[in-house]
Peer 1: 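Just dropping this structure here.
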Amino acid sequence: MTKMKTSQIVLSTLCLLAALTYTSCVKDSFDDTVDPNPQGETDPPIEEVPIDELEITELQIPTDFDFTTKKELRLIINDNTPNVRYDVYAYNDEVVLGEQITYLNEEDEEETDFDISVDNLNHIIFSGVPSGGKIEHSFVVPDYFEKLYIRRKEGFKFSSAIVNIASELVTYTYSPESGKRATTGKPMVEDYLYCVNGGGDLFQVDPVTGAYTFISDMPMGSWTAAIDQQNNMLYSIGRSKPYPLMKYDIINDTWTTIGDVGKGGPRLDFNPQDGLLYFSTGEKLFTIDPQNANILSNWKIKGLHKKQGGDMAFADDGTIFICSFSGLYRLDLNSDGDYDAIRISGEDLPFEPTSMTFDSNQELWLANNDGNSNLIVMDTQTGGWEYRYGPNSTSGVTYDRAINDLTTFRIFDEVTIDPDTDGDGITDSNDEFPDDADKAFEQFTPSKYGWGTLAFEDLWPFLGDYDFNDTAVNYRFVAVLNADNMAVQLDMHFEVTADGAGLINALGIELESVAPSLIESVTGTVLTEGFINAASNGVEEGQDRAVIILFDNNHTMLHVPTTVSIVFTTPITTTQLGIAPFNPFLIVNGDRGKEIHLPNRFRTTLGVNDTSVEGINRDIDGNYKTDTGLPWAINVMHNFRPPKENIPVNQAYNFFNEWATSGGTIFQDWYKDSTGYRNEADLLD
């Protein structure tokens with residue numbers, strides 16, 4: 001028998017004759033009543049049940065808690081510098097174990113381990129250039145984030161700051177560094193050390209100050225990095241099979257995978273004299289074509305005392321230097337057409353080098369094999385060295401992360417050609433839409449790469465089973481902004497991920513501060529059932545505020561990725577646009593007046609609060625919460641996996657009860673795939 005859920009519970013004549021009190025005929029309900037004292041007996045003493053063992057209907061939920069998993073912020077950035085770009089991220093240091101992979105470690109030994117991802121900088125919120133010396137945006141981040149990472153890009157120079165979220169208003173004012181570099185009479189060059197590691201971080205270190213700045217998440221962790229300075233490209237080979245050659249466009253901040261090298265190893269550099277990548281592992285040296293990842297030639301290396309780890313680098317005169325765990329060597333071509341490794345450093349280095357690069361002064365930088373790496377400077381003539389930054393240095397600067405390879409990016413003090421193709425005042429390298437004068441930046445909810453989830457129980461105003469799988473929808477909202485940081489378009493990416501209802505449900509979004517007349521067009525909606533009346537511009541007719549119905553049949557939308565785009569008649573501020581996911585609601589079983597909203601949210605003009613229903617109405621006041629505070633809809637700022645049928649959310653997620661009864665102050669990330677958080681067997685695939 002197929003599952004049936006209905007919001008209008010119709011009792012049969014037989015049910016009415018059999019009982020004077022109401023009992024639900026719908027199986028997804030906690031409304032069944034039981035006489036607590038059938039024989040008039042005295043209740044036994046009540047033992048206190050631990051919070052994590054309580055049924056969901058037994059939870060004592062604070063009256064003001066609305067089950068939110070987010071916090072709303074307003075960020076003001078003050079910076080009068082022209083043509084600087086800011087990228088803002090939600091920030092924390094959580095390390096997450098991923099799937100099991102096999103790779104060659106820095107010792108050139110095959111190893112099987114879990115892939116590591118860091119949840120610190122995956123959450124880019126928005127990008128923008130100050131207009132009138134200011135960027136001001138309102139946005140949301142998941143509750144468990146306590147910091148923002150603010151990255152500043154001026155030309156090719158990056159800097160950054162981490163700011164605490166102390167209140168709903170966060171202000172950052174840029175203060176230029178003074179006296180950092182002295183002016184000379186010759187063209188100036190500034191060096192930046194680009195670093196990679198096996199965890200997939202690409203970051204920059206300023207060799208003058210030691211300042212760290214995140215650059216990008218890599219497609220795969222790596223032990224190698226090399227820069228083609230002329231074309232502003234960074235190359236890196238993935239650490240695990242099939243060892244892809246990855247290319248990072250420094251100007252456009254994009255990654256592409258060129259092809260599979262088929263070999264792993266720790267050493268890589270780019271030779272500007274022939275335009276090839278030189279790659280080394282063990283006692284072998286190869287050349288790789290950066291256009292297609294093909295290995296072109298190979299040589300033997302003779303004389304390495306230890307073959308593991310290390311790196312290689314070209315000096316300005318073309319000399320190849322290589323290091324392994326036994327120290328620094330110079331490679332000299334011998335009469336056999338191979339290379340002799342001439343040892344430079346002493347035999348008693350107290351560290352194992354994994355990385356090396358020359359700066360523009362021909363100073364050689366190395367990093368050591370450690371989870372918290374040191375940056376070391378070494379003399380190529382004597383092998384003398386010193387710790388410059390890191391835990392063993394006296395600088396006070398440490399990075400708390402591995403540096404598995406280094407390469408140098410040089411920025412010259414000369415006019416950089418960075419055109420403004422569309423003439424909107426934003427140079428192409430800072431413009432997400434360099435060919436469209438009406439668009440420049442994007443603002444993301446929940447983040448550029450993440451998904452949020454709206455999940456509904458559709459039995460309102462009656463209790464459901466609280467599996468939140470009747471209709472669950474993953475979403476990502478992207479506000480497209482112009483050069484003045486005003487919204488000109490809103491793209492809503494969504495996918496129905498659970499469809500446990502027997503009813504035909506629709507999903508709508510209300511923009512509460514936007515009039516219908518401010519919408520020029522809506523495209524991408526899927527309306528097939530005939531009970532939604534859309535105006536010529538795509539918004540729903542009869543509404544005081546702009547309402548867009550994304551789809552009207554959840555069954556047909558299951559696992560169908562879809563994008564709905566809204567174009568505004570005139571640019572509006574992000575404050576007027578509002579906070580995504582705005583005011584979302586479910587329309588139940590084709591009954592247009594029956595809307596289910598998030599707790600304490602208002603129904604639209606067409607929504608009806610009909611309290612005269614048959615059965616036990618659990619929402620007499622119409623605030624979309626039961627008298628004990630349970631909701632019929634939740635918004636999770638994460639990719640939420642709903643429970644299987646008839647499994648309440650607090651059974652599938654072990655810390656839901658603690659989160660709900662605390663009013664959202666503890667276990668704020670209860671929905672994540674952290675150790676011990678979920679019961680996987682209780683979740684939908």
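As a basis for the values below, the full set of heavy atoms in this structure was taken, side chains included, without hydrogen atoms, waters or symmetry mates. Source: prediction; values computed, not measured.
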Peer 1: Within the distance-only criterion (no hydrogens, no angle test), does the side chain of Glu190 pair as donor or acceptor with the backbone N or O of Arg410 below 3.5 angstrom?
Peer 2: no
Peer 1: Between Ile237 and Lys263, is any pair of side-chain heavy atoms under 4.5 Å apart?
Peer 2: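 When only atoms from C-beta onward are counted, Lys263 and Ile237 do not touch, as no gap falls below 4.5 Å.
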Peer 1: For Tyr174 and Asn80, does a side-chain donor sit closer than 3.5 Å to a side-chain acceptor?
Peer 2: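 The criterion, which ignores hydrogens and geometry beyond distance, is not satisfied for Asn80 and Tyr174.
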Peer 1: Would a distance-only check, ignoring hydrogens and angles, find a side-chain to backbone donor-acceptor pair under 3.5 Å from Asn361 to Glu363?
Peer 2: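 Absent.
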Peer 1: Flag yes if more than 12 heavy atoms outside Gln362 fall under 6.0 Å of its CD atom; otherwise flag no.
Peer 2: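 Yes, because the 6.0 Å sphere around CD of Gln362 holds more than 12 heavy atoms from other groups.
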Peer 1: Using a distance-only test with no angle check, is there a side-chain donor-acceptor pair under 3.5 angstrom linking Thr213 and Ser159?
Peer 2: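 Per modelled atom types, Thr213 and Ser159 side chains form no pair under 3.5 Å.
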Peer 1: Can you measure from CG (Leu328) to CZ (Arg343) and round to the nearest 0.5 angstrom?
Peer 2: 10.0 Å
Peer 1: If we ignore angles and hydrogens, is there a donor and acceptor under 3.5 Å between the side chains of Thr224 and Asp405?
Peer 2: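 On atom types as modelled, these side chains do not qualify, holding no pair under 3.5 Å.
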Peer 1: Establish, yes or no, whether a centroid distance under 6.0 Å links the rings of Phe139 and Phe126.
Peer 2: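 Yes - the distance between ring centres of Phe139 and Phe126 falls below the 6.0 Å cut-off.
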Peer 1: Determine, step by step, whether Asp379 and Leu364 satisfy the side-chain contact (heavy atoms from CB on, under 4.5 Å) criterion, reporting the C-alpha distance in whole Å, the side-chain angles of both residues, the deciding distance to 0.1 Å, and the verdict.
Peer 2: CA-CA 7 Å; Asp379 186 285; Leu364 185 65; over 6 Å; no
Peer 1: List the steps, then state whether side-chain contact (heavy atoms from CB on, under 4.5 Å) holds for Phe409 with Ile227.
Peer 2: CA-CA 7 Å; Phe409 184 54; Ile227 284 180; 3.6 Å; yes
Peer 1: Can you tell me how far CH2 of Trp255 sits from OG of Ser216, rounded to the nearest 0.5 angstrom?
Peer 2: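 Between Ser216 OG and Trp255 CH2, I get 6.0 Å after rounding to 0.5 Å.
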Peer 1: Take Thr81 and Arg152, measure what side chain to side chain donor-acceptor pair (under 3.5 Å) needs, and give me the verdict at the end.
Peer 2: CA-CA 11 Å; Thr81 313; Arg152 182 180 187 272; 3.1 Å; yes
Peer 1: I need the Leu304 CG to Glu283 CD distance, nearest 0.5 Å.
Peer 2: 6.0 Å
Peer 1: Could you tell me whether Arg74 and Glu136 make a salt bridge, using a distance below 4.0 angstrom between a side-chain N and a carboxylate O?
Peer 2: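 Between Glu136 and Arg74 there is a salt bridge, with a charged N closer than 4.0 Å to a carboxylate O.
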Peer 1: Under a 3.5 Å cutoff, is there a donor and acceptor pairing between the side chains of Asn252 and Thr254?
Peer 2: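 No pair is found: no donor N or O on one side chain lies under 3.5 Å from an acceptor on the other.
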Peer 1: Any non-hydrogen side-chain atom of Lys157 less than 4.5 Å from a side-chain atom of Ile411?
Peer 2: yes
Peer 1: Which pair of non-hydrogen atoms, one from Met218 and one from Ser236, has the smallest distance, and what is that distance?
Peer 2: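 That closest heavy-atom pairing would be CE-OG, 3.3 Å.
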Peer 1: Can you pull the salt bridge (charged side-chain N to carboxylate O under 4.0 Å, His left out) pairs that have at least one residue in residues 325-335, sequence neighbours excluded?
Peer 2: Arg330-Asp332
Peer 1: Looking at Thr256, is its backbone amide N or carbonyl O close enough to the side chain of Tyr248 to form a donor-acceptor pair, meaning the two atoms are under 3.5 Å apart?
Peer 2: no
Peer 1: Would you say the side-chain atoms of Asp201 and Asn197 include a donor-acceptor pair closer than 3.5 Å?
Peer 2: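 Asp201 vs Asn197: donor-acceptor pair found between side chains.
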Peer 1: Side-chain donor-acceptor pair under 3.5 Å between Ser447 and Arg476, yes or no?
Peer 2: no
Peer 1: Counting C-beta onward and ignoring hydrogens, is there a side-chain heavy-atom pair between His493 and Val478 closer than 4.5 Å?
Peer 2: yes
Peer 1: Is Lys241 close to Tyr243 at the side-chain level, that is, under 4.5 Å between some pair of heavy atoms?
Peer 2: yes
Peer 1: Heavy atoms only: give me the nearest Ala341-Ile301 pair and the separation to one decimal.
Peer 2: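 The answer is CB-CG2, 4.1 Å.
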Peer 1: Indicate whether any N or O donor in one side chain lies under 3.5 Å from an N or O acceptor in the other, for Gln230 and Asp228.
Peer 2: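 No pair is found: no donor N or O on one side chain lies under 3.5 Å from an acceptor on the other.
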Peer 1: Compare every heavy atom of Asp269 with every heavy atom of Ala313, then report the nearest pair and how far apart it is.
Peer 2: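 Scanning both residues, the minimum pair turns out to be CA-OD2, 3.1 Å.
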Peer 1: Give the ring-plane orientation class for Trp385 versus Phe351, where under 30° counts as parallel, over 60° as perpendicular and anything between as tilted.
Peer 2: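 Answer is perpendicular, since the angle exceeds 60°.
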Peer 1: Can you list every pair that meets ring-ring contact (aromatic ring centres under 6.0 Å, His included) and has a residue in residues 260-286, with sequence neighbours left out?
Peer 2: Tyr278-Phe314
Peer 1: Looking just at side-chain N and O atoms, do Thr408 and Asp191 make a donor-acceptor pair shorter than 3.5 Å?
Peer 2: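 Asp191 and Thr408 do not have a side-chain donor-acceptor pair below 3.5 Å.
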Peer 1: What orientation do Tyr172 and Tyr86 show, parallel under 30°, tilted 30 to 60°, or perpendicular over 60°?
Peer 2: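 Tyr172 and Tyr86: perpendicular rings.
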Peer 1: Would you say the side-chain atoms of Asp317 pair up with the backbone N or O of Thr319, donor to acceptor, closer than 3.5 Å?
Peer 2: yes
Peer 1: Can a donor-acceptor pair be found, under 3.5 Å and without considering hydrogens, that links the side chain of Asn231 to the backbone of Met233?
Peer 2: no
Peer 1: Is there a side-chain contact between Ser280 and Ile322 (heavy atoms, below 4.5 Å)?
Peer 2: yes
Peer 1: Can we say Asp87 and Lys153 salt-bridge, meaning some charged N sits less than 4.0 Å from an Asp/Glu carboxylate O?
Peer 2: no
Peer 1: Would you check if the side chain of Ser324 reaches a backbone N or O of Lys306 as a donor-acceptor pair within less than 3.5 Å?
Peer 2: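 A pair under 3.5 Å: yes.
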Peer 1: Is a donor on one side and an acceptor on the other found under 3.5 Å between the side chain of Asn78 and the backbone of Thr173?
Peer 2: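 Looks like no, no N/O pair under 3.5 Å.
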Peer 1: Any non-hydrogen side-chain atom of His137 less than 4.5 Å from a side-chain atom of Asn485?
Peer 2: yes
Peer 1: Let me confirm one number: the CD-CG distance from Gln489 to Leu481, rounded to the nearest 0.5 Å.
Peer 2: 10.5 Å
Peer 1: Can you list the steps and then say if Leu276 with Ile288 is a side-chain contact (heavy atoms from CB on, under 4.5 Å)?
Peer 2: CA-CA 6 Å; Leu276 298 177; Ile288 298 174; over 6 Å; no
Peer 1: Go through the side-chain N and O atoms of Tyr212 and Arg401 and say whether any donor and acceptor fall under 3.5 Å apart.
Peer 2: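 Judged by distance alone, the side chains do pair up.
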Peer 1: For Pro266 and Asp311, which heavy atoms make the closest approach, and how far apart are they?
Peer 2: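 So the minimum-distance heavy-atom pair works out to O-OD1, 3.8 Å.
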Peer 1: State whether a side-chain donor-acceptor pair under 3.5 Å links Asp340 with Asn334.
Peer 2: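 Asn334 and Asp340 do have a side-chain donor-acceptor pair below 3.5 Å.
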Peer 1: If I compare all heavy atoms of Gly327 with all of Ser345, which pair ends up nearest, and what's the gap?
Peer 2: CA-OG, 3.3 Å
Peer 1: Out of curiosity, Ser355 OG to Leu406 CG, how far, rounded to the nearest 0.5 Å?
Peer 2: 4.5 Å
Peer 1: Distance check, rounded to the nearest 0.5 Å: Asn392 atom CG versus Asp370 atom CG?
Peer 2: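 Spacing of CG (Asn392) from CG (Asp370) equals 8.0 Å.
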Peer 1: For residues Thr354 and Asn368, is any side-chain donor paired with an opposing acceptor at under 3.5 Å?
Peer 2: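 Judged by distance alone, the side chains do not pair up.
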Peer 1: For the side chain of Asn271 and the backbone of Gln273, is there at least one donor-acceptor N/O pair under 3.5 Å apart?
Peer 2: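 Yes: the side chain of Asn271 pairs with the backbone of Gln273.
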Peer 1: Have a look at Trp365 and tell me which of Thr357, Asp359, Thr407 forms a side chain to side chain donor-acceptor pair (under 3.5 Å) with it.
Peer 2: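 Answer to the side chain to side chain donor-acceptor pair (under 3.5 Å) test with Trp365 among Thr357, Asp359, Thr407: Asp359.
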Peer 1: Would you please test Phe214 and Tyr89 for ring-ring contact (aromatic ring centres under 6.0 Å, His included) and show each step?
Peer 2: CA-CA 11 Å; Phe214 167 78; Tyr89 301 76; 5.5 Å; yes
Peer 1: Please find the pair of heavy atoms, one from Ala437 and one from Asp424, that lie closest to each other, and give the distance.
Peer 2: O-CB, 3.5 Å
Peer 1: If we only count heavy atoms from C-beta on, is the Trp299 to Lys284 side-chain gap below 4.5 Å?
Peer 2: no
Peer 1: One pair to check against side-chain contact (heavy atoms from CB on, under 4.5 Å): Leu285 and Asn298. What are the steps and the verdict?
Peer 2: CA-CA 5 Å; Leu285 176 65; Asn298 66 87; over 6 Å; no
Peer 1: Indicate yes or no: at least one non-hydrogen side-chain atom of Asn232 is less than 4.5 angstrom from one of Asp249.
Peer 2: no
Peer 1: Looking at Lys439, Lys448, Arg85, which hits salt bridge (charged side-chain N to carboxylate O under 4.0 Å, His left out) with Glu432?
Peer 2: Arg85
